[in-house]
Amino acid sequence: MSYKIVFFDVDGTLTHHENGTISTKTREIVKSLKHKGLKIVAATGRPLSLCEEIRELGIDTLITANGAFTVHNEEVIHKLSMDKYVAREVFEYAASEKHGLSFYTKELSMNGIILKALKETLSLSDYPQINERIYDEDIYLMCLYGDDKRAEQYTQRFPQLMFKRWHPFVVSVLQEEITKSVAILKVLDYFNIDQSEAIAFGDGENDIDMIELAGLGIAMGNGSDKLKSAADFVTKKSSEDGIEFALKKFSIL
């Protein structure tokens, strides 16, 4: 099979799953793939503002906010933003309950959240900005910080919204279905590439739809069991150059 495009999840896939760094080997692989003429796309839960390190790899197509905001260079390919009235309702309720929320526009902002979760999910050691009127902007994704009891509280309060847990302490707040696969279909259409010609790498359960959509879906060795069961191939961990191992296995490199 001749593949034309590779989609990479970022955290735990392109990055070391324990320390968040991007290895020299991974940087070389991205350059090699581009040299061979393959399109390279990063598909991440991060907001666009936290993708500068990814851009520096030479990746200029970015699926961000878990699929809600996608750009090629500076051109917007796809975006889904929340209704501003609904966003304000959630914002004000969280403030009244003193619950932590983060907001993904092109930037990342917050209302006062748990730093440990930021460190684990986005490799941040400092709090992002606080914007008291963030609901006036285009919000592509909200994240609620708390346990299942807190998530159920919001499910009861906002039955029109969806709450999807992707981390032991973090729940995505969605007005409509947002997935990486929907954004991938937009990217494939943009480049006129068939999904059978796509490779996708991931490590989390929010990558399952992505690797199922691609012609070749690869799970990292550090990935979740559900993801591994959905993958065509399970490679080594990101800390063990799992991307290189898989690409050589399938004679891409």
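For this chain, numbers begin at 1 and follow the sequence in order. All figures in this text were calculated on a predicted structure; none of them were measured in a lab.
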Distance-only criterion, 3.5 Å: show the donor-acceptor pairs between side-chain atoms of residues 174-186 and protein atoms not counting sequence neighbours.
residue, atom, partner, partner atom, Å
Gln175, OE1, Asp83, N, 2.6
Glu177, OE1, Lys164, NZ, 3.2
Glu177, OE2, Lys164, NZ, 2.3
Thr179, OG1, Ser181, OG, 3.1
Thr179, OG1, Val182, N, 3.2
Thr179, OG1, Asp209, OD2, 3.4
Lys180, NZ, Asp9, OD1, 3.0
Lys180, NZ, Ala43, O, 2.9
Lys180, NZ, Asp207, OD1, 2.6
Ser181, OG, Asp209, OD2, 2.5

| task | Could you state whether Phe7 and Val71 fall into the same hydrophobic cluster, counting links through intermediate Ile, Leu, Val, Met, Phe, Trp or Tyr residues with side-chain heavy atoms under 4.5 angstrom apart? | result | no
| field | Close side-chain approach of Ser49 and Lys106, heavy atoms under 4.5 Å | value | no
| Nearest non-hydrogen partners of Ala94 and Leu101, listed with the distance | CB-CD1, 3.4 Å
| Should Asp138 and Lys84 count as an ion pair when the cut-off is N to O under 4.0 Å? | yes
| query | With distance as the sole test, does Asp232 use its side chain to make a donor-acceptor pair with the main-chain N or O of Gly217 at under 3.5 Å? | reply | yes
| said: I'd like to check Lys31 versus His35 (side-chain heavy atoms, cut-off strictly below 4.5 Å). Are they in contact? | reply: no
| message | Any side-chain to backbone donor/acceptor pair from Thr44 onto Arg46? Under 3.5 Å, distance only. | response | yes
| request: Please lay out, stage by stage, how Ile243 and Leu14 fare under the test side chain to side chain contact (heavy atoms under 4.5 Å, CB included). | output: CA-CA 8 Å; Ile243 291 174; Leu14 281 176; 3.9 Å; yes
| said: Quick check: do Met220 and Lys237 have side-chain heavy atoms less than 4.5 Å from each other? | reply: no
| field | Test item: Ile63 and Ile77 side chains (from C-beta on) under 4.5 Å apart, heavy atoms | value | no
| Pair Tyr140-Thr64, side chain to side chain donor-acceptor pair (under 3.5 Å): steps then yes or no | CA-CA 9 Å; Tyr140 302 112; Thr64 69; over 6 Å; no
| task | Indicate yes or no: does Lys4 engage Asp194 in a salt bridge with an N to O separation below 4.0 Å. | result | no
| Hey, does the side chain of Thr26 reach the backbone of Ile22 with a donor-acceptor pair shorter than 3.5 angstrom? | no
| Same hydrophobic cluster for Leu247 and Val41, using side-chain heavy-atom links shorter than 4.5 Å among ILVMFWY? | no
| Thinking salt bridges, do Arg150 and Asp147 make one under a 4.0 Å N-O criterion? | no
| Heavy-atom closest contact (Ser224 atom, Gly204 atom, distance) | OG-C, 4.3 Å
| request: Would you confirm whether Lys79, through its side chain, and Thr70, through its main-chain N or O, come within 3.5 Å as a donor-acceptor pair? | output: no
| Can you check whether Thr105 reaches Leu48 side chain to side chain, under 4.5 Å on heavy atoms? | no
| hydrophobic_cluster_shared for Phe91 and Met82, side chain cutoff 4.5 Å | yes
| field | Expected output: side-chain Asn73 to main-chain Glu75 donor-acceptor under 3.5 Å | value | no
| request: Flag the pair Leu38 / Ile252 as yes when at least one side-chain heavy-atom distance between them is below 4.5 Å, and no otherwise. | output: yes
| ring pair (Phe, Tyr, Trp, His ring centres under 6.0 Å) between His72 and Phe191, intermediate numbers included | CA-CA 10 Å; His72 174 60; Phe191 289 119; 5.2 Å; yes
| request: Evaluate whether atom NZ of Lys228 has more than 12 neighbouring non-hydrogen atoms of other residues, nucleotides or ligands under 6.0 angstrom away. | output: yes
| So, His99 versus Tyr93: side-chain donor-acceptor pair below 3.5 Å or not? | no
| If we only count heavy atoms from C-beta on, is the Gln153 to Arg157 side-chain gap below 4.5 Å? | no
| message | I'd like to know if Arg55 and Glu52 make a salt bridge, using a cut-off of under 4.0 Å between side-chain N and carboxylate O. | response | yes
| Where the side chain of Ser238 meets the backbone of Thr15, is there a donor-acceptor pair that is under 3.5 Å apart? | yes
| message | ring pair (Phe, Tyr, Trp, His ring centres under 6.0 Å) for Tyr135 and Phe103? Distances and angles first, verdict last. | response | CA-CA 9 Å; Tyr135 45 78; Phe103 310 91; 8.7 Å; no
| field | Test item: Ser229 side-chain N/O and Lys226 main-chain N/O as donor-acceptor pair under 3.5 Å | value | yes
| task | Could you tell me whether Arg27 and Glu53 have a side-chain N and a carboxylate O separated by less than 4.0 Å? | result | yes
